[in-house]
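Encoded as C-alpha cells, the structure appears first; notes follow it.
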Amino acid sequence: MYAYLGRVNEARIMLDSIGKLDVICCNAMIDGYMKFGDVGSARKLFDNMPDKNISSWNTMVSGFSNNEMIEEAKKYFDQMPKRDDVSWSAIIDGYNKGGHFKEALEVFHQMQGEEIKLNKFVLSSALNSCANVGALDQGKWIHAYIKRNRIVLDEVLGTSLVDMYAKCGRLDLSWDVFERMKHKEVFSWNAMIGGLAMHGRAEDAIELFLDMQRHEYKPNDITFVALLNACAHAGLVDKGLKYFLLIKETYNIEPTMEHYGCVVNLLGKAGYINEAEDVINSMPMKPNSVVWGALLGACRIHGNIELGEKVGEILLELEPENSIRYTLLSNIYAKAAKWDRVEKLRKLMKERGVKTMTDRSMIDLKGTVHEFKVGDSSHPQTEEIYRTLEMIIQKIKLKGHEADTSEVLFDISEEEKETSLKYHSEKIAIAFGILNTEPGTTIRVVKNLRVCEDCHSATKFISQVYKRDIIVRDRVRYHHFRNGKCSCKDFW
DNA sequence: CGTGGACACT
C-alpha cells in the first residue's frame with residue numbers, strides 16, 4: 001500500500017521489518033519501485049528474493065513494459081519458468097506501449113499456440129495492436145472469438161472494438177458495435193466521436209456529441225479533443241471555435257494544452273495563421289512542441305516562410321532530436337526553392353546526429369501484415385511489386401496525373417525528383433495490394449507519416465483507373481479514395 | 001495483502 005501511494009521508502013522499511021522476504025510483500029514492493037521508475041531497486045529486490053512466484057515475474061515484465069524497456073521485458077518474459085495469461089498480456093502491452101504493434105500481434109499469434117485462454121485483457125490489448133496497424137482481418141477474428149466464447153463486452157472491451165473498426169476504416173462496423181454496447185462509458189462515446197472525426201464526418205461527430213448528452217453522459221476533456229479535431233479535419237472553423245469557448249463556459253472544464261493545440265491546428269490549417277499565432281501568444285500555459293508543431297504544419301500548407309522559419313527555430317531548439325520538425329521546415333524551404341537553407345538544415349541534422357524517421361506503410365493481407373519502407377526492396381515479391389508500380393504510374397500518367405515534385409527535399413533534377421516520389425511507401429503498398437487482391441476489392445493501407453501531395457493525387461487516379469476503393473490512414477486521419485476523389489476533399 | 005485492458009493535439 002505504501003509503495004502504491006508513492007511512499008517507497010516507508011514501504012521498504014516496513015518490508016525489512018518483517019524480517020524475511022515474503023513473496024507477496026516483495027511483489028508489492030517491486031511494483032512500487034517500478035511505478036516510480038526505480039528499475040534498479042526493483043531488479044535488486046527481485047534477484048534477492050528466495051522464492052519467486054509467477055506474479056513476481058509478471059510484475060517485473062509489466063514493470064519493464066511500463067518503463068518503456070521492452071527488451072528487458074522480453075528477456076524476463078523469455079526466462080520465466082512458467083507463463084500465465086497475465087504474463088502474455090504484460091508483454092503484448094509492452095510492445096503496444098513502445099509503439100511496436102506489429103510485434104505485439106506476432107506475440108499474440110504465438111500465444112494462441114499455447115493452451116492459454118484469451119481473456120478480455122489480452123483481447124483488448126490485441127485489438128489495440130490491430131487498430132494501430134490496420135489489421136482488419138485479425139480484428140474481425142477477435143470479434144468473432146469474443147462472440148463465440150460469449151465473452152461479455154464490458155465498457156473497455158467494447159470500446160476497443162469500436163476503436164479498432166474505426167481505425168481499420170470500417171465505421172459501419174464500429175457503429176454497429178457501439179450501438180449494441182449495453183454498458184457505455186464516456187470513453188466509449190469519445191472513441192466513436194474520434195472515429196467519426198478521423199473519417200472527416202464532422203457533422204456526425206457533433207451530432208453524436210449532442211446525443212451523448214441526451215443520454216446523460218458528461219463530456220470530458222478528451223471528448224473535446226475529439227470534437228475539435230472533427231471540426232479541424234472538416235475545416236469547420238466557426239463551429240470549432242464555438243465549442244472551444246463552451247469548454248469552459250458551459251462545461252466548466254479548464255482547457256488543456258491539447259485543446260489549445262487543436263485550436264491552433266483548426267485555425268492554421270484553414271489559413272487563419274495570424275489568428276493561430278495569436279492563440280499561442282495568449283494561452284495561459286507555455287506552449288509545448290505539439291502546439292508549435294501545429295503552427296509549423298499550417299505554415300507548410302500555406303507556404304508561409306517567414307513565420308515558418310521563426311517557428312522552426314523554436315522547435316529545433318525545443319526538440320533538437322525530432323526529425324519530423326526538420327523535415328517540415330525543410331519542406332517549407334524546398335517549396336520556396338531555398339536550397340541553401342535546405343542544405344544548411346541537412347548539415348545541422350548530420351551534426352546533431354538526427355536520424356530521419358522513415359516513411360512506412362502497412363497493408364494487411366489475409367491476416368499477415370506486410371510493411372514497406374520508402375524504396376523498400378526487402379519483400380520476397382519485390383520484383384513483381386515494382387513491375388506493377390511502374391505499370392500503374394504509366395497508366396495514371398495517361399489519365400492526367402502529374403508528379404508533384406514541390407515537396408521533394410533536395411535540389412535535384414525534375415526527373416530525379418519524380419523517381420524519389422515514385423517509391424514512397426504507400427505507393428509500394430498499394431502496388432502490392434493491386435498485385436495480390438481480387439479486382440474490385442478494397443485496398444487498405446496504414447502509414448506512419450502524413451500522405452504527401454503527390455501520393456494523394458496518384459492514389460486518386462489509381463482509384464479511378466483500377467476501379468478500386470483505396471483507404472489510406474495516415475498519422476492523423478483517413479483518406480477514402482473512390483473513383484478519382486478523396487473523402488478529405490483535398491483538405492488535409 | 002501481488003500482476004494485465006479504452007478514448008487524446010504535430
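Quick note on labels: first sequence line is chain A, next is B, and so on, each numbered from 1. The figures that follow rest on heavy atoms only: side chains count, while hydrogens, waters and symmetry mates do not.
Nearest nucleotide to the side chain of A/Ala294, out of B/dT10, B/dG5, B/dG4: B/dT10. For A/Asn229, whose side chain is taken as the heavy atoms from C-beta onward, the closest listed nucleotide among B/dT3, B/dA8, B/dC7 is B/dA8. With B/dG2, B/dA6, B/dG4 as the candidates, the nucleotide lying closest to the side chain of A/Asn119 is B/dG4. Residue A/Thr159 places its side chain closer to B/dA6 than to any other of B/dA6, B/dC9, B/dG2. Picking from B/dG4, B/dC7, B/dG5 the nucleotide with the shortest atom distance to the side chain of A/Ser124 gives B/dG5. Here B/dT10 is the nucleotide among B/dT10, B/dT3, B/dA8 with the atom lying nearest to any side-chain atom of A/Asn265. Taking only side-chain atoms of A/Ala28, from C-beta outward, the nucleotide of B/dT3, B/dG2, B/dA6 with the closest atom is B/dG2.
If you measure from atom CZ of A/Phe121 to atom C1' of B/dA6, you get 12 Å, rounded to the nearest angstrom. The CZ atom of A/Phe178 sits 18 Å away from the P atom of B/dA6 (whole-angstrom rounding).
Across all strands shown, A/Val476 has heavy atoms under 4.0 Å from sugar-phosphate atoms exclusively, and none from any base. Among the atoms of the strands shown, only primed sugar atoms or phosphate atoms (P, OP1, OP2) are found under 4.0 Å from some heavy atom of A/Val225. Residue contacts for A/Lys97: at a heavy-atom cut-off of 4.0 Å it reaches the sugar-phosphate backbone alone, with no base atom in range. Contact annotation for A/Ser55: base contact, defined as any heavy-atom pair under 4.0 Å involving a base atom. A/Asn220 comes within 4.0 angstrom of nothing in the nucleic acid, heavy atoms only. Using a 4.0 Å heavy-atom criterion, one finds that A/Ile30 contacts no nucleic acid atom at all. Within the 4.0 angstrom heavy-atom criterion, base atoms lie near A/Asp85.
A/Glu72 has a carboxylate O that lies under 4.0 Å from a charged side-chain N of A/Lys75, or vice versa, which qualifies the two as a salt bridge.
For the pair A/Lys184 and A/Phe178, the cation-pi test (distance below 6.0 Å, angle within 45°) is passed.
Checked by distance alone, A/Asp93 brings no side-chain donor or acceptor within 3.5 Å of a matching partner on the base of B/dG5. The base of B/dG5 sits within donor-acceptor range of the side chain of A/Asp154, with an N or O pair under 3.5 Å.
Residues A/Trp88 and A/Phe77 bring their aromatic ring centres within 6.0 Å.
A/Gln79 CD: more than 12 foreign heavy atoms inside a 6.0 Å radius.
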